[in-house]
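Worksheet: one structure, shown below.
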2 protein chains.
Amino acid sequence: MAKVPSAAISRLVTYLRILEDLEARGINRTSSEQLAEEAQVTAFQVRKDLSYFGSYGTRGVGYTVQVLRRELRQILGLNRRWGLCIVGMGRLGQAIADYPGFSEIFELRGLFDRDPSKITTTFRGLQVESMDNLPRAIAERRIEFGLLAVPADSAQAVADRLVESGIKGILNFAPAVLEVPKEVAVENVDFLTGLSRLSFFVLNPKWREEMIG
Amino acid sequence: MAKVPSAAISRLVTYLRILEDLEARGINRTSSEQLAEEAQVTAFQVRKDLSYFGSYGTRGVGYTVQVLRRELRQILGLNRRWGLCIVGMGRLGQAIADYPGFSEIFELRGLFDRDPSKITTTFRGLQVESMDNLPRAIAERRIEFGLLAVPADSAQAVADRLVESGIKGILNFAPAVLEVPKEVAVENVDFLTGLSRLSFFVLNPKWREEMIG
């Protein structure tokens with residue numbers, strides 16, 4: 001298999017979102033040109049990203065929206081359910097719990113905080129629990145991903161507890177680089193990286209156009 | 001100039017964070033191997049990422065932490081000040097305002113919401129303002145980046161207002177693909193992309209190891 005740039009996975013998510021939007025609008029056919037325009041990449045990039053995973057579409061005819069949508073969902077593992085928990089129920093954890101992104105695919109199954117005063121509160125029908133419940137909750141409720149919303153200075157310690165408890169992936173909202181065993185996946189949702197990228201791209205508009213990925 | 005993968009910019013931010021951490025710990029010298037280990041990439045990747053921007057370090061000797069840190073700050077445009085505003089002061093906008101990431105580099109200069117009931121509230125010493133103030137605030141307070149924390153269904157309309165008002169970059173927290181003129185930079189901080197990436201990487205651990213970027 002050809003080496004896949006990690007950024008291609010993010011773009012597949014973008015294409016999937018565009019396809020879902022097209023489908024909601026009753027559109028049945030699309031093209032790499034249309035996907036490219038909406039995703040703000042080149043049509044070549046769209047075709048290349050898809051080519052890592054198989055052969056989709058027909059030259060001169062394009063893609064069937066529903067078929068490509070189903071394929072992308074399968075590639076990304078979004079045709080199944082994942083169990084999630086949030087660790088750290090400060091304002092950030094609360095905003096995450098609020099977010100409309102949870103669904104049948106990403107199901108929130110636990111909220112944890114080390115602060116006993118938070119343990120009586122409820123969000124989205126889930127009561128905040130003590131960190132002591134973490135290992136059992138992860139095993140019994142099949143929680144695969146932990147959303148880490150604790151301050152940067154405790155992020156590594158909490159990540160260690162998630163790993164010991166058998167978590168498979170961590171979505172890290174803390175501005176900290178986590179060290180985890182290589183069998184655990186980590187994705188950082190750190191908006192300082194986003195701000196730094198904006199800073200670079202605003203100062204280097206020409207480079208942005210020449211970027212790949 | 002060689003084509004720069006967009007993901008390289010994110011990695012530069014990671015290297016910078018590691019260098020800042022090393023400097024805080026009083027460490028003066030580092031190597032591509034050490035940076036690679038902490039950033040969870042290969043040493044070759046570190047050297048390649050840096051090579052897009054110049055020639056750093058000495059073979060067999062490595063890098064001076066302080067020098068490389070300064071170079072990376074300059075490449076990323078983090079040796080200057082940027083003015084920021086948050087648009088949408090629901091729980092998400094409030095959590096963003098709470099975040100400890102704002103600093104001398106990224107300075108919060110305005111909070112906006114269309115809901116008049118929010119306009120009396122204050123976060124971090126800033127009072128929430130009406131959207132009507134947006135164009136004047138952006139011009140007069142030199143606000144360059146807008147942090148978009150509105151629901152997905154109003155994200156494009158609010159982005160349009162930010163663009164009309166002269167914003168240079170948008171950090172988009174809404175799960176929506178924004179269309180903006182190409183001179184405006186957009187970065188998406190959408191945790192559904194992060195969750196989808198976790199899903200893919202957990203299901204494809206071997207691919208993760210073979211990923212580039």
Side-chain angles (χ1 to χ4, degrees), chain A residues 1 3-7 9-10 13-14 17-18 38-39 75-78 82 84 90-92 94-96 98-101 106 144-145 147 151-152 168-169 171 173 175 177 179 182-183 185 187-189 191-203 205 207-213, chain B residues 1 3-7 9-10 13-14 17-18 38-39 75-78 82 84 90-92 94-96 98-101 106 144-145 147 151-152 168-169 171 173 175 177 179 182-183 185 187-189 191-203 205 207-213:
Chain A
M1 193 201 66
K3 300 239 173 190
V4 183
S6 156
I9 308 305
S10 304
V13 178
T14 301
R17 200 167 289 158
I18 293 164
E38 302 215 15
I75 291 166
L76 292 166
L78 303 180
W82 296 97
L84 273 52
R91 198 128 59 172
L92 178 61
Q94 292 176 31
I96 296 167
D98 251 358
Y99 215 55
F106 297 114
E144 285 128 333
F145 301 158
L147 281 60
K168 289 181 177 163
L171 193 63
F173 290 80
V177 178
E179 284 177 39
K182 77 175 191 320
E183 61 273 19
E187 287 291 317
N188 296 302
V189 183
F191 74 84
L192 285 184
T193 301
L195 286 176
S196 301
R197 286 172 57 96
L198 282 183
S199 164
F200 177 84
F201 292 134
V202 166
L203 292 176
W207 288 38
R208 186 166 81 229
E209 285 164 37
E210 291 191 1
M211 288 259 155
I212 51 171
Chain B
M1 191 201 65
K3 298 241 172 187
V4 183
S6 155
I9 308 305
S10 303
V13 178
T14 301
R17 199 167 291 158
I18 294 165
E38 302 216 13
I75 291 167
L76 292 166
L78 304 180
W82 296 96
L84 274 51
R91 198 129 57 171
L92 179 61
Q94 292 175 31
I96 297 167
D98 253 358
Y99 215 57
F106 297 114
E144 286 128 333
F145 301 157
L147 281 58
K168 290 183 177 163
L171 193 62
F173 290 80
V177 178
E179 282 177 38
K182 76 175 190 321
E183 61 273 19
E187 287 291 318
N188 296 302
V189 183
F191 75 82
L192 285 184
T193 301
L195 286 176
S196 302
R197 287 172 56 96
L198 282 185
S199 165
F200 177 84
F201 292 135
V202 166
L203 292 176
W207 288 38
R208 185 167 81 230
E209 284 165 36
E210 289 190 1
M211 290 257 153
I212 51 172

- Message: Counting only non-hydrogen atoms closer than 4.5 Å, does B:Arg197 touch chain A with its backbone (N, CA, C, O), its side chain (CB onward), both, or neither?
- Response: both
- Task: Answer with side chain, backbone, both or neither: which region of B:Phe191 has an atom nearer than 4.5 Å to a non-hydrogen atom of chain A?
- Result: both
- Message: Taking every non-hydrogen pair under 4.5 Å, which of B:Val189, B:Val13, B:Leu198 racks up the most with chain A?
- Response: B:Leu198
- Query: So which heavy atom on B:Lys168 is nearest to which on A:Val202, and how close?
  - Reply: O-CG2, 3.6 Å
- Query: Is there a donor-acceptor pair closer than 3.5 Å between any side-chain N or O of B:Ser199 and the backbone N or O of B:Leu195?
  - Reply: no
- Message: Given heavy-atom pairs under 4.5 angstrom as the criterion, report whether the side chain, backbone, both or neither of A:Leu84 touches chain B.
- Response: side chain
- Message: I'd like to check B:Thr14 versus A:Val177 (side-chain heavy atoms, cut-off strictly below 4.5 Å). Are they in contact?
- Response: yes
- Query: Does some side-chain heavy atom of B:Ile9 sit less than 4.5 Å from a side-chain heavy atom of B:Ile75?
  - Reply: no
- Are B:Glu187 and A:Thr193 close enough that some pair of their side-chain heavy atoms sits under 4.5 Å apart? no
- Which answer fits B:Tyr99, side chain, backbone, both or neither, if we ask what part of it has an atom under 4.5 Å from a heavy atom of chain A? side chain
- Task: Locate the shortest heavy-atom distance separating A:Ser196 from B:Phe106; write the atom from each residue and the value.
- Result: N-CZ, 3.9 Å
- Item | B:Ile96 portion near chain A, given a 4.5 angstrom heavy-atom threshold | both
- Residue B:Leu147 versus chain A: region with a heavy atom under 4.5 Å: side chain
